Novice: 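If you scroll down you'll find the structure; I have some questions about it.
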Amino acid sequence: MKLKLTIGHMYPDLLNLYGDGGNVRCLEKRLLWRGMEVETVSFYVGEHLDLSGVDILLLGGGSDREQAIASRYLLENRKAIAGYVEGNGVLLAVCGGYQLLGNYYRTENETLNGLKLLDIYTEWEPKRLTGNVILKTSMASMPVVGFENHGGRTHIGRYRPFGKILQGFGNTGNSGYEGVLYKNAVGTYLHGPLLPKNPELGDYFIRQALRRKYGIRAGLAPLSDEAECRANRYMAARCGQT
Ligand code: GLN
């Protein structure tokens, strides 16, 4: 039997700032390179969201304007998304998508209702938090390298963060932590091609999804990841983390 995972990409035309969709391409490749099958299903606003066949779900980031549109449609599908996350579905929610997992996002002009999957909240401040980020997470042995650009500050209370900041701003600019980790859901401010530069993270999501779908606990066949690790090391060194 060939193993197969289905990737769900939510609102790729609306929430895809800085190429967050590159994370989908990365997961597809890492599955195919190992002889597994993969199918990607894109969900668009206004469509009924059926996550019953989805193994990994990606929710990207967007501007405040795009988030305002997305939030309306997300809320219509709250039950499906909450059921998926509570049922240990693997979710990567980036920046604007991360903010919308919480209770609300108060922008400069309005308050957007969040999905209330997590008891966290985000409030806008005029100084944008922008730049390269390096963090340490329990999900990878290498440092995680990425890029952030957000006006919102996310307060995660007692939840587990995704990582500890070595360089950059993270959730609030002064908490010392970045993102959130809940069951198999990760919310993070790290934008764009996060998984290609951090191959261990991509494999973490794949392992969790295989475990949930097939009960498989075995490790994954190693890939060379030479270019990926070089990109990671280059960014870490550029930020003074060697
Ligand atoms: N609009 C949100 C903010 O500025 C999220 C931005 C993003 O997804 N980059 O905080």
Side-chain angles (χ1 to χ4, degrees), residues 7 9 12 15-34 36 38 40 56 58-63 90-99 127-152 154 160-181 186-209 219-242:
I7 301 172
H9 191 181
L15 297 178
N16 187 24
L17 211 56
Y18 310 123
D20 293 328
N23 292 321
V24 174
R25 302 287 91 75
C26 174
L27 290 166
E28 288 170 343
K29 285 291 185 193
R30 298 188 76 75
L31 287 160
L32 292 172
W33 286 332
R34 292 179 166 112
M36 289 182 255
V38 59
T40 297
I56 304 179
L58 184 100
L59 184 60
S63 65
V90 175
L91 168 69
L92 173 61
V94 174
C95 203
Y98 165 34
Q99 295 171 340
K127 181 182 180 293
R128 289 195 78 74
L129 304 181
T130 306
N132 293 317
V133 182
I134 314 280
L135 56 89
K136 187 71 201 120
T137 172
S138 58
M139 293 154 64
S141 63
M142 296 177 81
V144 170
V145 305
F147 173 77
E148 66 184 325
N149 181 3
H150 51 107
T154 300
R160 226 173 118 185
F162 168 49
K164 186 170 169 27
I165 289 280
L166 302 179
Q167 143 116 17
F169 297 103
N171 283 335
T172 63
N174 55 26
S175 70
Y177 292 98
E178 204 294 312
V180 73
L181 179 59
V186 169
T188 178
Y189 274 112
L190 302 188
H191 255 304
L194 172 65
L195 300 182
K197 285 182 293 192
N198 299 286
E200 288 175 286
L201 276 188
D203 284 355
Y204 174 87
F205 291 123
I206 290 171
R207 271 198 311 274
Q208 296 302 95
L220 293 171
L223 299 173
S224 108
D225 285 336
E226 201 195 313
E228 291 84 347
C229 291
R230 227 181 313 133
N232 180 294
R233 279 196 299 271
Y234 174 82
M235 281 313 296
R238 215 173 103 175
C239 296
Q241 307 286 332
T242 47

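Quick caveat: nothing in here was measured; it's all calculated off a predicted structure.
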Novice: Is there a side-chain contact between Cys239 and Gln167, using heavy atoms and a 4.5 Å cut-off?
Specialist: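 Result yes, sub-4.5 Å side-chain heavy-atom pair found.
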Novice: Mind listing the closest non-hydrogen atom pair of Ile134 and Pro143 along with its distance?
Specialist: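 Distance-wise, the nearest heavy atoms are CG2-CB, 3.8 Å.
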Novice: I would like to know whether Asn23 and Phe205 meet side-chain contact (heavy atoms from CB on, under 4.5 Å); could you show each step before the answer?
Specialist: CA-CA 11 Å; Asn23 292 321; Phe205 291 123; over 6 Å; no
Novice: Heavy atoms only: give me the nearest Gly22-Pro196 pair and the separation to one decimal.
Specialist: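 That would be O-CG, 4.2 Å.
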Novice: Does Ala221 offer a backbone N or O that forms a donor-acceptor pair with the side chain of Arg34 under 3.5 Å?
Specialist: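 Between the backbone of Ala221 and the side chain of Arg34 there is a qualifying donor-acceptor contact (under 3.5 Å).
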Novice: Please name the residue in the list Val24, Leu59, Leu195, Ile7 that meets the side-chain contact (heavy atoms from CB on, under 4.5 Å) test with Leu92.
Specialist: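 By the side-chain contact (heavy atoms from CB on, under 4.5 Å) criterion, Leu92 pairs with just one of Val24, Leu59, Leu195, Ile7: Leu195.
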Novice: Is Leu135 close to Leu166 at the side-chain level, that is, under 4.5 Å between some pair of heavy atoms?
Specialist: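 No, every pair of side-chain atoms sits at 4.5 Å or beyond.
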Novice: To check you understand the geometry: which heavy-atom pair defines the closest contact between Ala140 and Val144, and what is its length?
Specialist: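 The pair with the smallest heavy-atom distance is CB-CG2, 4.5 Å.
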Novice: Using a 4.5 Å cut-off on heavy atoms from C-beta on, say whether the side chain of Tyr234 contacts that of Arg238.
Specialist: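 A side-chain contact under 4.5 Å exists here.
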Novice: Answer whether the closest heavy-atom distance between the side chains of Phe147 and Thr130 falls below 4.5 Å.
Specialist: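 They are in side-chain contact.
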Novice: Working to the nearest 0.5 Å, report the span between NZ of Lys197 and CG of Asn232.
Specialist: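 Lys197 atom NZ to Asn232 atom CG measures 9.0 Å (nearest 0.5 Å).
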Novice: Minimum heavy-atom separation for Gly152 to Gln99, with atom names?
Specialist: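 Heavy-atom minimum between the residues: CA-NE2, 3.7 Å.
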Novice: Assess, by modelled atom type and distance only, whether the side chains of Thr188 and Glu178 contain a donor and an acceptor separated by less than 3.5 Å.
Specialist: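 On atom types as modelled, these side chains qualify, holding a pair under 3.5 Å.
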Novice: Atom CG in Asp225, atom CG in Asp203: separation rounded to 0.5 Å?
Specialist: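 Reported value, rounded in 0.5 Å steps: 7.0 Å.
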Novice: Please determine, by modelled atom types, if Asn198 and Tyr204 share a side-chain donor-acceptor pair under 3.5 angstrom.
Specialist: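 Side-chain D/A pair, Asn198 to Tyr204: absent.
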Novice: Is a side-chain N or O of Glu200 found less than 3.5 angstrom from the main chain of Met142, in a donor-acceptor match?
Specialist: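 Looks like yes, one N/O pair under 3.5 Å.
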Novice: Locate the shortest heavy-atom distance separating Glu28 from Val38; write the atom from each residue and the value.
Specialist: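 It is O-CG1, 3.9 Å.
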Novice: Is Ile206 close to Val90 at the side-chain level, that is, under 4.5 Å between some pair of heavy atoms?
Specialist: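 Of all side-chain heavy-atom pairs linking Ile206 with Val90, none is under 4.5 Å.
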Novice: So how far is it from Arg233 CZ to Glu228 CD, rounded to the nearest 0.5 Å?
Specialist: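 If I round to the nearest 0.5 Å, the distance is 11.0 Å.
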Novice: So, the side chain of Glu148 versus the backbone of Phe169: is there a donor-acceptor pair under 3.5 Å, distance only?
Specialist: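 Judged by distance alone, yes, a pair lies under 3.5 Å.
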Novice: Do Thr154 side-chain atoms and Asn171 backbone N/O form a donor-acceptor pair below 3.5 Å?
Specialist: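 Not a single qualifying donor-acceptor pair exists.
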Novice: Would you call Met36 and Leu220 a side-chain contact if the rule is heavy atoms closer than 4.5 Å?
Specialist: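 The answer is yes; the side chains approach within 4.5 Å.
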Novice: How many angstroms lie between atom CG of Leu31 and atom CD1 of Ile56, to the nearest 0.5 angstrom?
Specialist: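 If I round to the nearest 0.5 Å, the distance is 6.0 Å.
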Novice: How long is the straight-line distance from NE2 of His191 back to OH of Tyr98, given to the nearest 0.5 Å?
Specialist: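 Between Tyr98 OH and His191 NE2, I get 12.5 Å after rounding to 0.5 Å.
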Novice: Taking the side chain as everything from C-beta on, heavy atoms only, tell me whether Val133 gets closer than 4.5 Å to Leu190.
Specialist: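 Side-chain contact under 4.5 Å: yes.
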Novice: A quick test of your reading: do over 12 heavy atoms of other residues, nucleotides or ligands sit less than 6.0 Å from NZ of Lys29?
Specialist: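 Open.
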Novice: Does atom CZ of Arg128 have more than 12 heavy-atom neighbours, drawn from other residues, nucleotides or ligands, at distances under 6.0 Å?
Specialist: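 Count over threshold, so yes.
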Novice: Check the angle between the aromatic planes of His150 and Tyr189 and answer parallel, tilted or perpendicular using the 30° and 60° thresholds.
Specialist: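 His150 vs Tyr189 ring planes: parallel.
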Novice: With rounding to the nearest 0.5 Å, note down the distance linking CE in Met139 to CZ in Arg207.
Specialist: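 Rounded to the nearest 0.5 Å, the CE-CZ separation comes to 9.5 Å.
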